[in-house]
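The block underneath contains the structure these notes are about, expressed in structure tokens.
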Amino acid sequence: MARFPLVPTAPEPERAILVGVEWRDNAWPLDRSLDELERLAHTAGAQCVARLSQRLVKPYPKSFIGSGKVEELCGLVHRMDADVVIFDDDLTPSQQSYLEKAVGEPVKIIDRTALILDIFGLHAQTREGRLQVQLAQLQYLLPRLRGMWSHLAKEQTRGGIGSRFGQGESQLEVDRRLIRNKIAALRRELKQVEQRRDVQSKSRIESPAFRVALAGYTNAGKSTLLNRLTGSTVLSQDKLFATLDPTTRSYRLPGGRGMTITDTVGFIQKLPHGLVDAFKSTLSEVLGADLILKVVDASDEDYERQLEAVDRVLDEIGAGERLTLTVFNKIDLLDSVDRLSFRRRYPEAVLFSAQTGEGLDDLVDRIAREAAATDVLLSADIPYREGALITLVHEQGTLLHEEYLEGGVRIVAKLPARIAPRLKRYHTE
Ligand SMILES: Nc1nc2c(ncn2[C@@H]2O[C@H](COP(=O)(O)OP(=O)(O)OP(=O)(O)O)[C@@H](O)[C@H]2O)c(=O)[nH]1
Ligand SMILES: [Mg+2]
């Protein structure tokens with residue numbers, strides 16, 4: 001049992017109305033962004049019954065959308081018998097509470113961030129994942145308590161209670177303090193989990209295996225690729241954010257060289273900042289990799305915009321300068337014309353299908369080449385008593401020369417950069 005139960009930031013939405021704004025500098029066309037919001041809502045269990053949009057230069061401070069639009073929204077909510085209104089952009093706590101009052105209870109107003117937090121809450125499996133989501137959810141809730149409290153207080157007044165409030169500490173402050181305490185406790189607990197993870201990843205750093213991390217837009221097929229290559233059974237499904245928690249599996253490249261592959265949380269446009277923060281330690285798996293494979297769903301008409309969004313998040317977590325390779329998945333869904341145009345646009349890229357296995361040999365060869373490119377050439381005389389080191393060189397290196405001398409083995413080899421330092425004391429010129 002988790003110590004702190006997950007707090008649903010979004011109620012269980014059923015009939016949803018989506019609201020989007022056409023800004024002057026929209027990175028995505030509005031209808032495409034709303035399509036994605038609809039898939040997110042669907043993943044959270046809601047059915048979208050209507051969409052509303054407005055063209056704006058900047059949001060109205062009080063109501064986000066214009067007052068005429070708010071009226072239109074109220075009418076639509078009523079006509080469509082909606083339970084929830086989902087905004088594609090972030091609302092401030094006061095805008096949210098203003099709009100909630102305007103549409104009237106019990107209709108909920110939520111934004112993209114709350115929806116994503118809700119999905120994360122549903123999909124988090126490991127203790128660390130759950131702690132991270134709980135922290136992000138509570139941080140989202142904290143500034144929004146006032147609105148929730150006014151709603152609570154009204155009910156209690158109706159129920160005849162509430163006369164106790166206002167004596168000393170108000171209930172609102174108690175709630176705030178409780179949440180702050182919980183946030184502090186979660187942070188402490190996360191730190192412990194992170195420290196343990198550090199120890200684990202340190203042992204991984206010391207391992208000679210070449211480390212590959214799968215990054216990419218949600219639903220690009222990262223988990224399917226991991227499963228296909230390593231026989232792993234990470235859940236892969238046609239839902240957004242199916243994976244939250246990182247999984248690392250080993251894989252042996254042709255020639256015997258060891259490698260690990262890590263699958264982790266997917267990215268999305270307008271990814272809430274709080275979440276990137278909360279998931280820093282999970283995402284550090286990506287940061288620690290020798291090679292980041294950017295997995296792109298080539299069959300998605302938005303693949304270029306998705307790739308941009310992925311690059312933005314990678315930049316944000318400080319992985320912008322890492323060695324990356326862009327690879328295109330789901331080519332089984334492309335016809336020959338589309339395949340050709342991909343090849344023309346990205347002559348260097350690898351095209352494959354994690355589902356059918358087509359092109360996976362090319363992908364693996366390409367990874368092996370990238371791994372070999374970081375190798376260092378060195379000569380050493382390793383004494384026979386260093387049996388483990390000799391085995392390591394045999395397993396992970398490419399031997400160019402080997403000679404058995406009286407006291408040890410003389411080698412000239414290409415070795416993974418990470419093991420080279422271990423041979424330092426035996427180097428020869
Ligand atoms: N046709 C086809 N479908 C694929 C391929 N690879 C993955 N899929 C499907 O795409 C959907 C998403 O795959 P996942 O592996 O869960 O994607 P992911 O990148 O791990 O997604 P998140 O964990 O949500 O970030 C699933 O329904 C897969 O069956 C492919 O090569 N071809
Ligand atoms: Mg996945």
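Side-chain atoms are counted along with the backbone in the values below, which use heavy atoms only and exclude waters and symmetry mates. Whatever order the structure lists them in is the order used to number ligands and atoms, beginning at 1. Because the structure is predicted, anything quoted here is derived from the model rather than measured.
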The Mg ion (ligand 2) - number of protein N/O/S atoms closer than 2.8 Å: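 Those protein atoms number 2 in total.
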
May I ask you to list the atoms of ligand 1 that are less than 4.0 angstrom from any heavy atom of [X]?
X	answer
Ala220	17 (O), 19 (O)
Leu333	1 (N)
Ser236	14 (P), 15 (O), 16 (O)
Thr218	22 (P), 24 (O), 25 (O)
Phe241	24 (O)
Lys239	24 (O)
Asp238	26 (C), 27 (O)

Protein contact of atom 26 (C) of ligand 1 - nearest heavy atom, named by residue and atom, plus distance: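 Atom 26 (C) of ligand 1 sits closest to the protein heavy atom Gln237 C, 3.6 Å.
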
Nearest non-hydrogen protein atom, atom 3 (N) of ligand 1: Gln355 OE1, 3.2 Å

Phe342 and Tyr303 aromatic centres sub-6.0 Å: yes

Location of contacts on Asp332 toward ligand 1, heavy atoms closer than 4.0 Å: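 The answer is the side chain of Asp332.
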
Proximity of Asn329 to ligand 1 by residue part, where a heavy atom lies under 4.0 Å: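 The side chain, only.
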
Should [X] and [Y] count as an ion pair when the cut-off is N to O under 4.0 Å?
X	Y	result
Asp245	Arg130	no
Lys294	Asp311	yes
Glu395	Arg252	no
Asp238	Arg39	yes

N or O contact, Val265 vs ligand 1, cut-off under 3.5 Å: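 Looking only at distances, the answer is no, because the N/O contact criterion of under 3.5 Å is not met.
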
Ligand 1 contact by Gly216, heavy-atom criterion under 4.0 angstrom: no

Per atom 21 (O) of ligand 1, closest listed option by heavy atom (Asn219, Val295, Leu334):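 Ranked by closest heavy atom to atom 21 (O) of ligand 1, first place is Asn219.
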
Gly266, Ser223, Gly221: member with heavy atom nearest to atom 17 (O) of ligand 1: Gly221

Geometric class of the Phe64/Trp23 ring pair [parallel <30°, tilted 30-60°, perpendicular >60°]: perpendicular

